[in-house]
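Data first, discussion second: the structure below is written as structure tokens.
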Amino acid sequence: RAMIRIELPPVLETQLDYGKVGALHDFVSGENRVVWAFCGILSHSRLPYVQFVYTQDQGSFVGSVVLMIEYYGGATEFYSLDNLKSGVAKPDLWDPQINRALAECAEHYGVFIDPCRVGRSTDKGKVERFVPVARELFRMLKALHPSADLAELNQHALTWCREDYGQRIHGTINVTPREAFETERTTLKALPGERFQVPEWKHVHVHAGDQFLTFNKRRFSLPPAWKGHRVWARYTAPMLQLFDNETLIRQYVTNDRQRIYWVAQDFPEEVRTMMDGGYPGWILEKARIYGPCAVALLASVLRPHAYLNARRARGMLDILAIHHGRSYFEEVCQRATSRSVVLPATLKRMLETAAALPALQLELPISEFGARMVRDVRYYTN
């Protein structure tokens, strides 16, 4: 079918695409890995940008976009790309959802992200045509520099883009891309004062039991209101920010040594004490409310190994709270201590049995006549 070639004025569009180009030995992992070429091309001047990468994840993609903008020395008005997951979270003809990291990058440089229609490669035909060229470039550079790693190949690729491809007369624009770029360079959007720091975004789940979430093998706490919910985590070293949609919930400053981060106010008192390492001490402090007999009983339970028996002692503490103040309370606590009772069920049974027994009447009722017959012991000694 007939195709229409669309020529655009300067500073309007840059087209982006990935292409699989081959495999390369990774000196870090010691294995052969698949290599992809991130390709960008200015729609007006046709000057290309090539970067070989091992991954196409969100961080790698946005990082390549930043390096490309710096390579050109400025940005165009909009960037056309296909609907890869690293750039577009949800494709839609009228309202596509852009990934958060790429959206931040576009806002930082003041550009517009324009995803192409799904399955329509002709929407970015200029860069599509360049992907086979990048594949041949990778094979050529790999043959010329057999011991080079990925970083060295990328340096050679950029030199080739400027000095080789950039110096050939292009069949469409009838001038060299370098010559056309010199005109376009002056119209590009100026770079901001600060370089964009690529963030890492993840949609993470807050555990319903302990209200912690896991991000990059580290655990972070949130208030109880977010238990069982999903939140957005944004990481730019060393800062982790947690969002509920667009609302900032909390932020943590991380380091290489710490693996668990939490705020004491997120948890009840007993959980806070346990996380601080003083849970057995907290149990004994609560037992002092019920008297020295209760303290002695729980101390005997905790004595062999405080943390292994802390759950038993905590259960016994709840049972003591129910029977505290009864006439049989201290006697049962002393008996349980002497018998080395360590199970909450056993203590509960002893207290309930004592509660069921009739109270012993220590004073007998005395009539008025009998009271007149009562004498003090000194009456009989004088």
Is there a donor-acceptor pair closer than 3.5 Å between any side-chain N or O of [X] and the backbone N or O of [Y]?
| X | Y | answer |
| --- | --- | --- |
| Gln15 | Lys126 | yes |
| His44 | Leu8 | yes |
| Asp17 | Phe38 | no |
| Asp26 | Glu31 | no |
| Tyr72 | Leu47 | yes |
| Arg218 | Asn255 | yes |
| Ser60 | Thr55 | yes |

Check ion pair [X]-[Y] (N to O, under 4.0 angstrom):
| X | Y | answer |
| --- | --- | --- |
| Asp266 | Lys227 | no |
| Arg349 | Glu352 | no |
| Arg234 | Glu104 | yes |
| Glu163 | Arg168 | no |

Tell me if the CZ atom of Phe27 is crowded by more than 12 foreign heavy atoms within 6.0 Å. yes

Any chance CD of Glu330 has more than 12 other-residue heavy atoms, nucleotides or ligands included, within less than 6.0 Å? no

Could you check whether Tyr54 and Ser29, counting side-chain N and O atoms only, form a donor-acceptor pair closer than 3.5 Å? no

Would Ser80 and Glu13 count as having a side-chain donor-acceptor pair, cut-off 3.5 Å?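 A donor-acceptor contact under 3.5 Å links the two side chains.
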
When hydrophobic residues are tied together by side-chain contacts of less than 4.5 Å, even through go-betweens, does [X] share a cluster with [Y]?
| X | Y | value |
| --- | --- | --- |
| Leu16 | Leu158 | yes |
| Ile289 | Leu347 | yes |
| Val21 | Trp36 | no |
| Val62 | Val88 | yes |
| Leu102 | Phe112 | no |

So is Lys202 actually on top of Phe215's ring, under 6.0 Å and inside 45° of the axis? yes

Looking at Trp232, is Arg100 sitting on its ring face, NZ or CZ under 6.0 Å from the six-membered ring centre and within 45 degrees of the normal? yes

When the ring centroid of [X] is compared with that of [Y], is the distance short of 6.0 Å?
| X | Y | value |
| --- | --- | --- |
| His108 | Phe196 | yes |
| Tyr165 | Trp160 | yes |
| Phe243 | Trp201 | yes |
| Phe212 | Phe220 | no |

Report yes if some heavy atom in the side chain of [X] is under 4.5 Å from a heavy atom in the side chain of [Y]; otherwise report no.
| X | Y | result |
| --- | --- | --- |
| Leu317 | Tyr290 | yes |
| Tyr109 | Leu191 | yes |
| Phe78 | Val111 | no |
| Thr236 | Glu200 | no |

Distance (rounded to the nearest 0.5 Å) between [X] [atom1] and [Y] [atom2]:
| X | Y | atom1 | atom2 | answer |
| --- | --- | --- | --- | --- |
| Tyr49 | Ser64 | OH | OG | 6.0 Å |
| Leu12 | Leu42 | CG | CG | 11.0 Å |
| His324 | Leu351 | NE2 | CG | 12.5 Å |

On a heavy-atom basis, which atom in Gly87 and which in Phe61 lie closest, and how many Å separate them? CA-CE2, 4.0 Å

For Val66 against Val198, the heavy-atom pair lying closest together: CG2-CG2, 4.3 Å

